[in-house]
Amino acid sequence: AQSVTQLGSHVSVSEGALVLLRCNYSSSVPPYLFWYVQYPNQGLQLLLKYTSAATLVKGINGFEAEFKKSETSFHLTKPSAHMSDAAEYFCAVLPYGDSSYKLIFGSGTRLLVRP
Amino acid sequence: SQTIHQWPATLVQPVGSPLSLECTVEGTSNPNLYWYRQAAGRGLQLLFYSVGIGQISSEVPQNLSASRPQDRQFILSSKKLLLSDSGFYLCACHSLNEKLFFGSGTQLSVL
């Protein structure tokens, strides 16, 4: 079965520093991949998604992610962290050929931004 | 654009009491609807999935049930809540050529 692994349940960075949140998937066929953000007591908002077009995907709020098939990874980055980026981030995968859109989510990474 | 209304935002219920959480969708028709649960410190687990009125797929065995009495209404229920039912419940919606869109969630505490 497909799975998504997010390394690090908590990541702490200083304001202005690089943000790197890691995500690896298990699949022999590249799936569709997503990053979502969740602010406290709210639903999830889509940051970006990879659907087999360009391997470098740009999303909202200055985030981007790069699909690396050889590493089965889809890490999320942002060059300079802002206090408002503090939230929980989820990587998700949609298995190739799945028309039901039942995303499989990772366990999440909480991003803390220090002033 | 799509809008998901989910209520209540928070709920505290005693063990053994019934549960009804409601989700309604605006701005689309014939969507796929989903109930996810997010337990503390864990990711999102898909509980139920529906492609149409009266069509419900249960993804994991549990104490909960779901119903879809109307095209844009999705209800999560339980006859008797357990402590382990505590969590953050999210309704989600997907329509053709759209993204998976989430409601604002219900924080359920079973005491």
Side-chain angles (χ1 to χ4, degrees), chain A residues 1-11 21-26 31-51 53 57 59-60 63 65 74 76 87-95 98-112, chain B residues 1-11 21 23-25 28 30-52 55-60 66 74 87-109:
Chain A
Q2 289 262 0
S3 67
V4 178
T5 302
Q6 291 184 242
L7 291 176
S9 58
H10 291 79
V11 170
L21 305 182
R22 300 178 186 274
C23 173
N24 289 86
Y25 65 93
S26 66
Y32 288 178
L33 294 155
F34 307 79
W35 275 101
Y36 280 83
V37 61
Q38 183 183 32
Y39 297 100
N41 297 314
Q42 294 187 27
L44 278 69
Q45 300 174 33
L46 180 66
L47 276 177
L48 49 83
K49 65 178 180 181
Y50 167 77
T51 56
V57 182
I60 62 172
F63 284 93
F74 190 57
L76 182 71
E88 187 147 23
Y89 292 80
F90 292 92
C91 182
V93 60
L94 179 65
D98 182 344
S99 61
S100 67
Y101 226 84
K102 291 188 285 185
L103 298 191
I104 300 168
F105 285 86
S107 56
T109 297
R110 185 168 297 278
L111 176 65
L112 307 172
Chain B
S1 62
Q2 297 178 59
T3 305
I4 297 182
H5 299 283
Q6 201 179 331
W7 67 92
T10 59
L11 188 60
L21 301 182
C23 168
T24 59
V25 180
T28 187
N30 197 30
N32 289 349
L33 297 174
Y34 312 78
W35 278 111
Y36 282 88
R37 177 171 59 203
Q38 184 179 14
R42 301 177 64 181
L44 278 76
Q45 181 183 40
L46 180 61
L47 302 177
F48 298 97
Y49 160 66
S50 172
V51 298
Q55 300 180 63
I56 310 293
S57 296
S58 176
E59 298 296 311
V60 292
F74 204 24
F88 191 57
Y89 289 83
L90 288 159
C91 179
C93 166
H94 178 254
S95 301
L96 188 64
N97 298 325
E98 296 284 347
K99 62 185 179 183
L100 186 65
F101 195 78
F102 286 84
S104 55
T106 295
Q107 182 64 53
L108 173 65
S109 299

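Here the structure is a predicted model, which means the values were calculated and not measured. Below, chains carry the letters A, B, ... as their sequence lines are ordered, and counting in each starts from 1.
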Set of residues satisfying ring-ring contact (aromatic ring centres under 6.0 Å, His included) with respect to B/Phe101, sequence neighbours excluded: none
Sorted by chain and number, sequence neighbours left out, side chain to side chain donor-acceptor pair (under 3.5 Å) with A/Asp98 holds for A/Ser100
Go through the atoms of B/Leu100 and report whether side chain, backbone, both or neither lie under 4.5 Å from a heavy atom of chain A. both
Ranked by heavy-atom pairs below 4.5 Å to chain A, first place among B/Cys91, B/Gly105, B/Ser104 goes to B/Ser104
Among B/Gln107, B/Gln38, B/Gln45, single out the residue with the greatest number of heavy-atom pairs under 4.5 Å to chain A. B/Gln38
Side chain, backbone, both or neither: which part of A/Phe90 has a non-hydrogen atom closer than 4.5 Å to chain B? side chain
Sidechain-backbone polar pair: A/Trp35 side chain, A/Phe74 backbone, donor-acceptor under 3.5 Å: yes
Check whether B/Leu46 gets within reach of chain A through its side chain, its backbone, both or neither, counting any heavy atom under 4.5 Å. side chain
Bottom line for A/Gln38: the part with an atom under 4.5 Å from chain B's heavy atoms is side chain
Whatever's closer than 4.5 Å to a heavy atom in chain A on B/Glu59 counts as side chain
Could you tell me whether the side chain of A/Gln6 and the main chain of A/Tyr89 form a donor-acceptor pair under 3.5 Å? yes
Taking the six-membered ring of A/Phe34, is the NZ or CZ of A/Lys49 close enough (under 6.0 Å from the centre) and on axis enough (within 45°)? no
Check each atom of A/Ile104 against the heavy atoms of chain B and say whether the ones under 4.5 Å are side chain, backbone, both or neither. neither
For B/Ala66 against B/Ile56, the heavy-atom pair lying closest together: O-CG1, 3.7 Å
